[in-house]
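Let me begin by presenting the structure, written as structure tokens, before commenting on it.
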Amino acid sequence: MDLNELIKKYSTSGPRYTSYPTAPQWTEDLKTASYREQLQKSFSGRTEPIALYVHIPFCEALCYYCGCNIQITKDHSRSQSYLQSLIQEIRTVAEIIGTRQTLSQISWGGGTPTFFTCQEIEQLHLATLKYFDLAGDAEVSIEIDPRVTTWDQLATLRRLGFNRVSLGVQDFNTEVQKVINRIQSVQLTGDMLKECRRLGFSGINFDLIYGLPLQTRETFRKTLEEVISLRPDRIALYNYAHLPSLRPHQKIMDKYARPNSEDRLAIFSEGYTDFTSQGYRSIGMDHFALETDELFLAIEKETLYRNFMGYTVKRGAGMIGIGASAIGEIGGSYFQNIRETKPYEDSVNSEGVAAFRGCLLTQDDKERKWIIQQLMCKFVLRFQEYQKLFQKDFAQQFQSEILKLSDFSQEGILKVDSDSIVITDLGRLFIRNVAMIFDAYLNLPTGATYSKTL
């Protein structure tokens, strides 16, 4: 079976596995009291570094494809009260933990984090370092929109110690950009990339989206050519998820034709071929990196990790989520903050934190989480490691799942023997499909809607 046929076969709906169990299994029974308890129990006295995610939801304009938790406003004074809530939440979390923690990773996402002024950026970062130490080799990253980010902001970020950026691109075709309400030229994007490199940022990522209105194989091929000529270190090629029932603003684009399933899959297939023929390697799912980038090198070192911030080389003992809708991974549990900005601020002002739902993992959850992490990050699952960790025989415990891998094995996606499951280079593309085999919740009636795996 050739690549196109495999892509057609395995293009199905499924989780991205930034967590296991995935979000549809979480409950609103876990709120601030449980969050406080888990913070204190899981982190107090630990010496292994942890990660910190900060969500900044503000955007000046709405991109019609967007599926993120955002607040549209041109009133930049709005950010000051939110900033104070972020600092209050950071302070409260540090006080609950009780012992000073070291951060291996800080990531600011949004929204548009550079909605903050240079002064606000510095205020938030210095407040973080007031309560947490930063590891010497920490990854400190931020998502930026080239349309609204200034060179002064880039210089401020770099001076403060930020060392990685991700640039939203989506598509360079002007007609597509008009329809999705995001006008962004190749020149603008290229100039910002050059400035980021001049300042010393590394691991620079471009986000692309396929399946958008008015996209064709021909127009997106031109975008691919332009992206490859700019040569970012990393590329994420996401499948557009049209979910107007969850994101009503996406209905705005319904009057424009989107690529049909055949063209959409062809666009991805051609992107995969183009990137891998031009020095990029598949990292897993829809991510690519230059062979010299540490994200790709981490595969061979088996140090690649995956959390709510995506693939990273900086694994921590857990992750703290700060801000509206932010998610944290704490001990054997997940917690998410209130999604809406004002209620989030109100909760932080009254209680110091704002968790409103989450999930405590069972023993079976912990084992399957470990299995999925091994497959998605190391691309190898060694049965002996499972037995050493959980005191169980993998082949006996997951006999039915191993049998379900036979098609993948015949198609060259993976190899199974008596000792291990090994994902091939080709198989990294279909890793979500492989991980789904070990998801005990996937066929339960939750009403959950997932994006396409390809």
Side-chain angles (χ1 to χ4, degrees), residues 19 23 26-46 48-58 69-71 77-111 113 115-116 119-134 140 307-309 316-360:
S19 73
W26 300 4
T27 173
E28 293 188 16
D29 292 339
L30 297 181
K31 298 186 186 297
T32 55
S34 297
Y35 182 52
R36 285 174 171 271
E37 179 184 352
Q38 288 295 319
L39 276 172
Q40 191 170 43
K41 182 171 68 174
S42 301
F43 292 144
S44 183
R46 294 195 66 147
E48 185 181 354
I50 59 178
L52 181 77
Y53 172 74
V54 181
H55 189 79
I56 300 162
F58 304 108
N69 184 72
I70 57 171
Q71 180 177 335
S77 66
R78 179 67 187 84
S79 62
Q80 188 54 227
S81 65
Y82 186 76
L83 171 63
Q84 295 308 313
S85 294
L86 292 177
I87 294 173
Q88 174 62 46
E89 187 183 10
I90 291 170
R91 180 190 309 120
T92 302
V93 166
E95 290 172 350
I96 293 170
I97 294 173
T99 56
R100 194 171 178 89
Q101 302 292 303
T102 298
L103 302 176
S104 60
Q105 185 183 19
I106 298 176
S107 181
W108 290 9
F115 186 92
F116 280 172
Q119 292 76 20
E120 289 171 330
I121 289 170
E122 184 158 7
Q123 188 177 354
L124 177 57
H125 188 65
L126 293 181
T128 302
L129 299 186
K130 180 179 178 180
Y131 298 102
F132 293 90
D133 293 326
L134 193 62
V140 187
N307 57 23
F308 292 103
M309 293 179 271
M319 186 177 75
I320 295 170
I322 300 293
S325 80
I327 298 173
E329 179 181 352
I330 300 161
S333 59
Y334 298 111
F335 288 92
Q336 182 174 20
N337 280 348
I338 296 168
R339 296 187 182 97
E340 298 78 17
T341 305
K342 186 61 169 62
Y344 158 78
E345 293 178 0
D346 292 342
S347 180
V348 170
N349 290 340
S350 62
E351 300 187 56
V353 291
F356 87 104
R357 70 167 187 157
C359 176
L360 298 179

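Only a predicted model underlies this, so the values are computations on that prediction, with no experimental measurement involved. Residues take their numbers from the sequence shown, with the count starting at 1. As a basis for the values below, the full set of heavy atoms in this structure was taken, side chains included, without hydrogen atoms, waters or symmetry mates.
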Is there a side-chain contact between [X] and [Y] in this structure, where contact means two heavy atoms from C-beta onward sitting under 4.5 Å apart?
{"X": "Gln40", "Y": "Glu95", "result": "no"}
{"X": "Leu86", "Y": "Val348", "result": "no"}
{"X": "Leu360", "Y": "Tyr334", "result": "no"}
{"X": "Phe132", "Y": "Ile106", "result": "no"}
{"X": "Thr99", "Y": "Phe43", "result": "no"}
{"X": "Ile322", "Y": "Leu52", "result": "yes"}
{"X": "Asn349", "Y": "Ser85", "result": "yes"}
{"X": "Met319", "Y": "Ile50", "result": "no"}

Between Phe335 and Phe356, is the ring pair (Phe, Tyr, Trp, His ring centres under 6.0 Å) condition met? List the steps.
CA-CA 7 Å; Phe335 288 92; Phe356 87 104; over 10 Å; no
Value rounded to 0.5 Å, distance of [atom1] in [X] from [atom2] in [Y]:
{"X": "Leu126", "Y": "Ile87", "atom1": "CG", "atom2": "CD1", "value": "9.5 Å"}
{"X": "Glu89", "Y": "Ile96", "atom1": "CD", "atom2": "CD1", "value": "9.0 Å"}
{"X": "Ser333", "Y": "Lys41", "atom1": "OG", "atom2": "NZ", "value": "8.0 Å"}
{"X": "Arg36", "Y": "Ile97", "atom1": "CZ", "atom2": "CD1", "value": "12.0 Å"}
{"X": "Ile56", "Y": "Glu120", "atom1": "CD1", "atom2": "CD", "value": "9.5 Å"}

Where the side chain of Ser325 meets the backbone of Gln336, is there a donor-acceptor pair that is under 3.5 Å apart?
no
Could you list the residues that satisfy side chain to side chain contact (heavy atoms under 4.5 Å, CB included) with Ala23, not counting sequence neighbours?
Trp26, Arg357
Parallel, tilted or perpendicular for Tyr82 and Phe116, by the 30°/60° rule?
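The arrangement is tilted - the two ring planes meet at 30° to 60°.
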Assess, by modelled atom type and distance only, whether the side chains of [X] and [Y] contain a donor and an acceptor separated by less than 3.5 Å.
{"X": "Gln101", "Y": "Tyr131", "result": "no"}
{"X": "Ser19", "Y": "Glu329", "result": "no"}
{"X": "Thr92", "Y": "Gln88", "result": "yes"}

My understanding is that only residues two or more places apart in sequence, or in another chain, count here; which of them pass salt bridge (Lys or Arg N to Asp or Glu O under 4.0 Å) with Glu340?
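Expected list: none.
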So, using salt bridge (Lys or Arg N to Asp or Glu O under 4.0 Å) as the criterion, who are the partners of Arg78 when residues are at least two apart?
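By the salt bridge (Lys or Arg N to Asp or Glu O under 4.0 Å) rule, Arg78 matches Glu345.
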